[in-house]
Amino acid sequence: MDSARNAKPSDPLTPPQAVRRTLHEIHGHLEGTVDPLGVAAPIVHAQLAWFAHPQELAERVAGLSSDVWRLQEHSWRRVVGLASPDPISPNIDDERFADPVWTEVVYWDLVKEWYLAVTHHMQDMLYNTPGMSDKERRRAAFWWRQWINAVAPTNFYATNPVAMRKATQTCGASFLRGYGIFLGDLRAGNVRMTDPHDFDVGRNLATTPGAVIFRNDLLEIIHYAPTRAKVHAEPVVIVTPWINKFYILDLAPRKSMIRFLLDQGLDVFITSWKNPDAGMHDVGFDGYLQDGVHAVVETARRFTGAARVHAVGYCIGGTALSMYMAWANRRFPPEDVPVADWTLLATLVDFRKPGDIEVFIDEGSIRYLTASMARKGFLDGKEMASAFRLLRSNSLIWHYVVHGWLYGEAPPPFDVLYWNMDTTRMPCAMHSWYLRELYLHNRLIEPNALTVAGEPIDLACITQPLYAVATEDDHIAPWHEAYRVNNFVTGPKRYVLSSSGHILGIVNPPVTPPKRKYRVADAHRSDAAEAWHAKAVEEVGSWWTDWMNWLTPRCGELVEARAAASEAYPRLEDAPGSYVLEH
């Protein structure tokens, strides 16, 4: 550690210590005011690191020179009409240069190849910068990638042969349509991924019949009407994430998880969180646990008369459920814990490596976000949505710019993307605590490091059976990190790894023929993720079927189905309620 930082206030500083301290303070001030989100600083650090390692820089320059000569030879051969394989190919998931014109026409082939050569080398150098931490390398590469993605030749009419061809073929109609889409996006303040007029919550989304039976300042609780004459006696309670709206689990009927559960004879309650405004500035995580998670558990128990519920948590809702399970195991005697078993869907409890979102998490960025939230009372949902879209900017931003603005193609209706654009806000106190204590300091996995709603939180206290699901391509809750919940909680555990990503790997109904697959096996506290993966059995189809085989036998005997509302819990309004409609 720097001796200047260790010096007592009364100790005189040596000149080198004084210089280092002054530079450190200037750096911190500039980073907090000029570059609060750490966009430029990691790239500058990377440049300085390379200049400080001349031998490694010379080796890289030599490697670049070799590739440049190969590329030059390719250019000469193509110019004189000789065949030449591409010296640098796009990544397997890069669809920007899929049109044959980028290979068949010499000029466009050379534009593509030189762009790929330069950008690939830049990215590789940033990922391998000497003298920097892995996290700082990833941050530098991430922010540089945003720039090189933005300047891709495919993003501009004059350097996109496909756009020019479409304009010629349509006598300019595609150009005019694209201009109209551009103006519409400008008015909306967003690059739209689907037309919002194609969907209406309560009309063609979130249409499963039910009733709002409880409402407080934080959430509405929806109880769904049964679809079978008899249901299992003990209800299922779903804790949804409050960074998005609950109806991701109730999209079109054919892929609604809610309808699927009802059709299995399960009695389902779900949280629909209020979209916070400035008046919720001081609502903290204690409130989300007591007035949110505990409220839905107690409401379901009292409505049904069951002693216990079967809890499900998705994403941040699963993180909250994990805390609740530790809290309940401290608050109640073992025989009185109100949850019999729990299910986690794409959930992190260990935030050591929280995926690509890590690039936004450091002391400076959290300090900046907290100050911004303190002024408004909340974090605007559009800011969070923009951050998540940057994680996959080619597919979630530039794809729609190219196909909409340049090609004149209106985005097709897609319910998941509409839900993704239906953003929610975050209250200041809760979100700043969540970012700092979990993402920055990773205190949830430290026994008793957090106290929530009056109870110290220790995941090892949780003894109830767990069914946990992660997804292979999840960039929000990477499966290796999501797996680590098994290393902290006690009790029986069954773990599933579904194909696809954070949304489509979870919203994954059984279909014929099967679209996806999954791996499944029991997990033990001592197992590492790779050891579990080696023994897991691969199955074709949806993990929902395996989940039902695990869950329904635990939910008690069959009883007469209960109506959506009762005398004790009257219908406040029909599902999907009013909180989900707030913007």
Side-chain angles (χ1 to χ4, degrees), residues 31-39 188-190 196 201 212 214-221 239-248 271-296 315-317 319-320 323-324 351 354 357 359-390 419-441 443-444 450-454 476 576-583:
E31 200 168 50
T33 55
V34 179
D35 187 27
L37 295 180
V39 177
N190 193 13
V201 177
V212 176
F214 177 91
R215 178 186 291 125
N216 62 22
D217 293 339
L218 197 57
L219 88 167
E220 292 177 335
I221 296 174
V239 181
T240 55
W242 49 84
I243 59 174
N244 294 104
K245 296 184 177 179
F246 82 90
Y247 64 85
I248 187 60
T271 59
S272 176
W273 302 95
K274 183 173 177 60
N275 201 348
D277 53 25
M280 293 178 64
H281 177 285
D282 296 322
V283 175
F285 205 90
D286 286 9
Y288 274 79
L289 188 141
Q290 290 183 298
D291 299 330
V293 183
H294 190 55
V296 70
C315 188
I316 188 176
T319 307
M323 291 194 208
Y324 177 79
F351 292 80
I357 195 69
V359 298
F360 298 107
I361 306 298
D362 68 1
E363 189 67 51
S365 61
I366 291 178
R367 185 168 55 246
Y368 168 78
L369 286 173
T370 299
S372 175
M373 289 189 289
R375 291 191 295 270
K376 295 183 292 187
F378 56 82
L379 177 67
D380 194 294
K382 287 186 177 181
E383 296 178 45
M384 182 171 291
S386 297
F388 280 109
R389 290 182 73 176
L390 281 176
W419 165 85
N420 194 58
M421 295 192 303
D422 192 4
T423 59
T424 58
R425 296 176 287 273
M426 299 290 107
C428 175
M430 183 281 297
H431 198 55
S432 60
W433 181 91
Y434 185 85
L435 290 175
R436 187 171 298 279
E437 299 299 331
L438 301 192
Y439 274 96
L440 187 60
H441 298 307
R443 289 192 172 128
L444 180 53
L450 296 175
T451 297
V452 180
I476 297 172
S578 56
Y579 281 0
V580 73
L581 303 178
E582 294 176 345
H583 296 287

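What you are looking at is a predicted structure, and each value in this text was computed from that prediction instead of being measured. Along the sequence shown, residues are numbered consecutively beginning with 1.
Side-chain N or O atoms of Thr370 include one that pairs as donor or acceptor with a backbone N or O of Ile366 at under 3.5 Å. No donor-acceptor distance shorter than 3.5 angstrom exists from the side chain of Asp422 to the backbone of Lys245, with no hydrogens or angles considered. The backbone N or O of Tyr579 lies less than 3.5 Å from a partner atom in the side chain of Glu220, making a donor-acceptor pair. Using a distance-only test at 3.5 Å, with no hydrogens or angles considered, a donor-acceptor pair links the side chain of Thr240 to the main chain of Thr271. Side chain of Thr424 to main chain of Gly381: no donor-acceptor pair is present (N/O by atom type, distance under 3.5 Å, no hydrogens or angles).
Here Leu435 contributes atom CG and Met373 contributes atom CE; the two are 6.0 Å apart, rounded to the nearest 0.5 Å. Summarising the geometry, atom NZ belonging to Lys376 is positioned 10.5 Å from atom SG belonging to Cys428; distances are rounded to the nearest 0.5 Å. Between atom CG of residue Asp291 and atom CG of residue Asp217 there is a gap of 8.5 Å, rounded to the nearest 0.5 Å. Residue Glu363 holds its CD atom at 16.0 Å from OH of Tyr368, rounded to the nearest 0.5 Å. Put simply, OG1 on Thr423 and CZ on Phe388 are 12.0 Å apart, with the number rounded to the nearest 0.5 Å. For the atom pair Ser272 OG and Leu581 CG, the distance stands at 8.5 Å (nearest 0.5 Å).
Lys382 pairs by the salt bridge (charged side-chain N to carboxylate O under 4.0 Å, His left out) definition with nothing, not counting sequence neighbours. For Thr319, the side chain to side chain donor-acceptor pair (under 3.5 Å) test picks out no residue, with sequence neighbours left out. With sequence neighbours left out, the side chain to side chain donor-acceptor pair (under 3.5 Å) criterion links Arg389 to Asn190. Scored by the side chain to side chain donor-acceptor pair (under 3.5 Å) test, Trp242 finds no partners at all (sequence neighbours excluded). In this structure, Asp286 has no salt bridge (charged side-chain N to carboxylate O under 4.0 Å, His left out) partners at least two apart in sequence or on a different chain.
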Please list every donor-acceptor pair under 3.5 Å in which a side-chain atom of residues 274-282 meets a protein atom from a residue at least two apart or in another chain.
residue, atom, partner, partner atom, Å
Lys274, NZ, Glu582, OE1, 3.4
Lys274, NZ, Glu582, OE2, 3.0
Asn275, OD1, Arg425, N, 2.8
Asn275, ND2, Glu582, O, 3.2
Asp277, OD1, Gly279, N, 3.0

